Asks: 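Mind having a look at this structure? Questions to follow.
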Amino acid sequence: MMRAIFMNISLNDGLLAELECDALVIPLDDGVSVGKEVDLQVAAMRKSGEVTGKLGEMTILHEPRELAASRLMLMGVDDALDANHAFRMAGQAVRAAQKRKFRRLAIALGDGQLIRAVAEGCAYGGYERPKYKSDDSASIVEEILIVAPGADTVAFESGRIVGESVNLTRRLVDTPANDLGPVEFADMAESMGKAAGLEVDVLDEPALEALGAGSLLSVAKGSARPPRLVRLSWDPDHVAGDSHLFLVGKGVTFDTGGLSLKPANSMEKMKYDMAGAATMLGAIIAIARLGIPQHVSCLLGLVENMPSGTATRPGDIVQAMNGKTIEVINTDAEGRLVLADALTYAVRQGATHLIDAATLTGAVSIALGAVNIGLMSNNESLQSHITASGREIGEQFWALPMNDEYLEPMKGDLSDLRNAGTDRKAGTITAAKFLEQFVDDTPWAHLDIAGTANLDKGLPNAPKGASGIAVRSLVRAVETWANGGLE
Ligand code: BES
Ligand code: MN
Ligand code: ZN
């Protein structure tokens with residue numbers, strides 16, 4: 001069911017007027033001249049106000065004069081074409097072309113500055129969801145030519161690589177849980193990781209028992225499908241500095257809630273509860289393929305949360321890898337139980353910095369909707385580095401407070417900790433305070449992507465379903481990581 005078909009995107013330096021294609025895409029006001037007649041026509045449409053140039057606006061002209069292209073697609077990009085607008089514009093153009101069954105698309109830019117964002121955007125817009133319909137007709141745009149004077153081929157390739165990694169993340173998230181359990185996810189991570197040049201180590205149930213991962217294992221107990229903890233490492237010969245970042249992902253391949261069963265309404269959405277793991281896998285694959293000179297590892301905590309005769313009961317007390325005991329108040333607060341051991345393991349493996357991503361709480365959608373990723377950290381510079389990286393490429397993070405008082409509801413009575421408080425107040429933050437108990441003093445940031453990893457409605461550049469959010473920001477953050485880490 002998993003397919004890795006990537007469209008053929010290339011740089012081209014041909015004459016715009018002579019490009020034979022189903023559509024030639026022009027971002028408005030980016031200084032592209034397509035020919036005297038057409039330029040005049042576009043100027044007239046702008047002047048009359050029929051074409052406003054707003055981001056998201058798309059105007060298609062048929063049989064444009066003096067051009068070999070069959071159509072001209074004019075794309076609004078607001079006042080200026082920044083990286084974020086370029087990404088969205090390119091993706092929208094590709095998606096529109098796909099819907100119209102165009103085979104060959106050309107995109108003309110004024111210059112090569114934003115080539116990476118455009119390449120990323122093209123790949124993103126060309127995402128194909130896993131195919132389950134019986135009339136499985138391929139609708140892919142076969143070829144995209146980008147004409148961008150002075151474009152750097154390395155930047156172009158980088159954009160393609162990152163876009164493809166985001167799509168890998170999305171495809172995993174969109175795949176139903178019957179086809180993607182912990183073992184299937186681990187196998188996929190192993191083969192994709194190795195192909196990208198990563199070292200991969202898969203820990204099975206006995207290995208996790210030997211490590212004392214009682215917290216993670218307590219979630220897996222209810223399922224017939226065994227858990228996995230996957231480690232992927234990128235350790236290039238020449239690294240800048242001696243920091244070792246760990247990217248840790250929540251990979252609950254399906255979350256029924258366990259014995260604290262979720263209501264039937266919308267439970268099918270919980271196939272996306274492995275989005276944190278898919279995000280981190282996509283990020284480290286991109287980091288390896290880009291050859292970024294930083295030591296980075298990734299840990300994927302893969303389990304299925306099911307109710308059964310062998311499932312953990314509310315009230316059970318389990319012991320985490322770091323020795324702390326946890327009373328399982330609510331088996332639906334399983335993500336933190338998985339991450340607890342994965343974070344401990346990362347610290348033991350020598351992490352100098354930690355970032356985790358998880359669809360951890362419903363509460364983060366209440367607080368931030370689908371607009372911002374919830375960001376919680378014990379380290380100001382790591383926090384602002386992530387926020388700034390997101391801002392560069394158009395993904396938004398909002399830092400939530402982490403006062404000690406928020407830990408109170410997570411303190412145990414009979415045990416050290418409990419996995420849920422007595423009420424829902426500040427649920428996103430209390431979950432993060434719980435996680436913090438497993439990172440020692442390692443600089444750490446937690447991304448709650450429960451509100452942002454899945455699109456309830458399609459966007460101009462994406463169908464509904466997995467958004468692939470945070471992959472691009474994380475890759476950016478690692479690329480711009482200061483030598484020796486952050487201070
Ligand atoms: N995977 C869910 C988070 C979630 C819930 C995402 C609803 C999207 C929509 C997580 O495992 C969960 O169930 N969290 C509970 C925690 C609570 C029991 C303390 C929640 O948010 O309700
Ligand atoms: Mn849950
Ligand atoms: Zn969950």
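Note that ligands are numbered from 1 as they come in the structure, with each ligand's atoms numbered from 1 the same way. Keep in mind the model is a prediction, meaning the values are calculated, not measured. Because only heavy atoms are used, hydrogens play no part in the values below, and waters and symmetry mates are left out as well, while side chains stay in.
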Asks: So which bit of Leu360 gets within less than 4.0 Å of ligand 1, heavy atoms only: side chain, backbone, both or neither?
Replies: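 The answer is the backbone of Leu360.
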Asks: Is it the case that the side chain of Gln437 and the backbone of Lys433 share a donor-acceptor pair, with hydrogens and angles ignored and the cut-off at 3.5 Å?
Replies: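 Yes, the answer is positive, given that a donor and an acceptor are paired below the 3.5 Å cut-off.
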Asks: Just jot down the ligand 1 atoms closer than 4.0 angstrom to any heavy atom of Thr359, in number order.
Replies: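 Contacts of ligand 1 toward Thr359, numbered from 1: 1 (N), 2 (C), 3 (C).
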Asks: Could you check atom 15 (C) of ligand 1 against the protein and tell me its nearest heavy-atom contact, residue, atom and distance included?
Replies: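 Protein heavy atom at minimum distance: Asp332 O, 3.9 Å.
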Asks: Please could you name the atoms of ligand 1 that Glu334 approaches to less than 4.0 Å, counting only its heavy atoms?
Replies: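 The atoms of ligand 1 under 4.0 Å from a heavy atom of Glu334 are 11 (O).
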Asks: Testing Ile469, Asn372, Thr452 one by one against Gln396 for a side chain to side chain contact (heavy atoms under 4.5 Å, CB included), which residue passes?
Replies: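 Option passing the side chain to side chain contact (heavy atoms under 4.5 Å, CB included) with Gln396: Asn372.
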Asks: Can you sort out which atoms of ligand 1 are near Lys250, meaning under 4.0 Å from one of its heavy atoms?
Replies: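 Per the distance check, 1 (N), 10 (C), 11 (O).
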Asks: Test ring pair (Phe, Tyr, Trp, His ring centres under 6.0 Å) on His85 and Phe87 and set out the steps.
Replies: CA-CA 5 Å; His85 289 177; Phe87 173 82; over 10 Å; no
Asks: Look at the side chain of Arg170 and the backbone N and O of Tyr124, then say whether any donor-acceptor pair between them is shorter than 3.5 Å.
Replies: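 Checking the backbone N and O of Tyr124 against the side chain of Arg170, a donor-acceptor pair under 3.5 Å is found.
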Asks: I'd like to know if the side chain of Thr331 reaches the main chain of Gly257, judged simply by a donor and an acceptor atom lying under 3.5 Å from each other, with no hydrogens or angles considered.
Replies: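 Checked: pair present.
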Asks: Nearest 10° is fine: what angle sits at the Zn ion (ligand 3) between OD2 from Asp255 and OD2 from Asp273?
Replies: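 Here the angle at the metal atom is close to 90°, to 10°.
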Asks: Under 2.8 Å from the Mn ion (ligand 2), which protein N/O/S atoms are there?
Replies: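 Protein N, O or S atoms closer than 2.8 Å to the Mn ion (ligand 2): Asp255 OD2, Asp332 O, Asp332 OD1, Glu334 OE1.
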Asks: For ligand 1, indicate whether the residue Arg336 contacts it via side chain, backbone, both or neither (heavy-atom separation under 4.0 Å).
Replies: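 Side chain only.
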Asks: Which residue holds the protein heavy atom closest to atom 8 (C) of ligand 1, what is that atom called, and what is the gap in Å?
Replies: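 For atom 8 (C) of ligand 1, the nearest protein heavy atom is Tyr272 OH, 3.2 Å.
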Asks: Answer yes when Glu334 and Lys250 have at least one side-chain N-carboxylate O distance shorter than 4.0 Å, and no when they do not.
Replies: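 A salt bridge is present here (some side-chain N lies under 4.0 Å from a carboxylate O).
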Asks: Could you tell me which N, O or S atom of Glu334 is nearest to the Zn ion (ligand 3)?
Replies: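 Checking each N, O and S atom of Glu334, the shortest distance to the Zn ion (ligand 3) belongs to OE2.
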Asks: Is the contact between Met267 and ligand 1 made by the side chain, the backbone, both, or neither, using heavy atoms and a 4.0 Å cut-off?
Replies: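 Near ligand 1, Met267 shows nothing, with every heavy atom at 4.0 Å or more.
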Asks: Quick one: does Gly362 get an N or O within less than 3.5 Å of an N or O on ligand 1?
Replies: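 Checking ligand 1 against Gly362, an N or O pair does fall under 3.5 Å apart.
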Asks: Is it the case that the side chain of Ser215 and the backbone of Ala340 share a donor-acceptor pair, with hydrogens and angles ignored and the cut-off at 3.5 Å?
Replies: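 Absent.
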Asks: Would you say Leu360 has an N, O or S atom lying under 2.8 Å from the Zn ion (ligand 3)?
Replies: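 No N, O or S atom of Leu360 is closer than 2.8 Å to the Zn ion (ligand 3), so no.
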Asks: Among all protein non-hydrogen atoms, which one is nearest to atom 9 (C) of ligand 1, and what is the separation to 0.1 Å?
Replies: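 For atom 9 (C) of ligand 1, the nearest protein heavy atom is Met270 CE, 3.5 Å.
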Asks: Is the contact between Lys269 and ligand 1 made by the side chain, the backbone, both, or neither, using heavy atoms and a 4.0 Å cut-off?
Replies: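 Contact part for Lys269 vs ligand 1: neither.
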Asks: Check ligand 1 against Asp255 and write out every atom of the ligand that is under 4.0 Å from a heavy-atom position of the residue.
Replies: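 Counting from 1, the qualifying ligand atoms are 1 (N), 2 (C), 10 (C), 11 (O), 13 (O).
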Asks: Please tell me whether Ser233 and Ser297 have a donor and an acceptor in their side chains that are separated by less than 3.5 angstrom.
Replies: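 Ser297 and Ser233 do have a side-chain donor-acceptor pair below 3.5 Å.
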Asks: Is the closest N or O pair between Asp273 and ligand 1 shorter than 3.5 Å?
Replies: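 So ligand 1 has an N or O lying under 3.5 Å from an N or O of Asp273.
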Asks: Is Asn379 reaching over with its side chain to a backbone N or O of Trp444, donor-acceptor style, under 3.5 angstrom?
Replies: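 No, because the side chain of Asn379 does not come within donor-acceptor range (under 3.5 Å) of the backbone of Trp444.
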Asks: Would a distance-only check, ignoring hydrogens and angles, find a side-chain to backbone donor-acceptor pair under 3.5 Å from Asp448 to Thr361?
Replies: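 The answer is yes, because a donor-acceptor pair under 3.5 Å joins these two groups.
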Asks: Give the minimum heavy-atom separation between Ile285 and Gly193, together with the two atoms involved.
Replies: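 Where Ile285 meets Gly193 most closely, the heavy atoms are CD1-N, 4.2 Å.
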Asks: What's the shortest heavy-atom distance between Ala420 and Arg418, and which atoms?
Replies: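 Where Ala420 meets Arg418 most closely, the heavy atoms are O-NE, 2.9 Å.
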Asks: Got a donor-acceptor contact below 3.5 angstrom from the Ser308 side chain to the Ser223 backbone?
Replies: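 It does not hold such a pair.
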Asks: Using only atom types and a distance under 3.5 Å, with no angle test, would you say the side chain of Tyr127 pairs donor to acceptor with the backbone of Gly163?
Replies: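 Between the backbone of Gly163 and the side chain of Tyr127 there is no qualifying donor-acceptor contact (under 3.5 Å).
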Asks: Do NZ/NE/NH1/NH2 and the carboxylate oxygens of Glu408 and Lys411 come within less than 4.0 Å?
Replies: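 Result for this pair is yes, salt bridge flagged.
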Asks: Taking both backbone and side chain into account, is any N, O or S atom of Asp332 nearer than 2.8 Å to the Zn ion (ligand 3)?
Replies: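 Under 2.8 Å: Asp332 has no N, O or S contact with the Zn ion (ligand 3).
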Asks: Salt bridge between Glu405 and Lys425, side-chain N to carboxylate O under 4.0 Å?
Replies: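 So Glu405 does not pair with Lys425 through a salt bridge.
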Asks: With backbone taken as N, CA, C and O and side chain as the heavy atoms from C-beta onward, which portion of Phe434 lies under 4.0 Å from ligand 1: side chain, backbone, both, or neither?
Replies: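 Neither part.
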Asks: Select one of side chain, backbone, both or neither to describe which atoms of Asn330 lie under 4.0 Å from any atom of ligand 1, heavy atoms only.
Replies: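 Asn330 to ligand 1: side-chain contact only, backbone stays beyond 4.0 Å.
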Asks: At a non-hydrogen distance cut-off of under 4.0 Å, which region of Arg424 contacts ligand 1 (side chain, backbone, both, or neither)?
Replies: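 It is neither part, as no heavy atom is under 4.0 Å.
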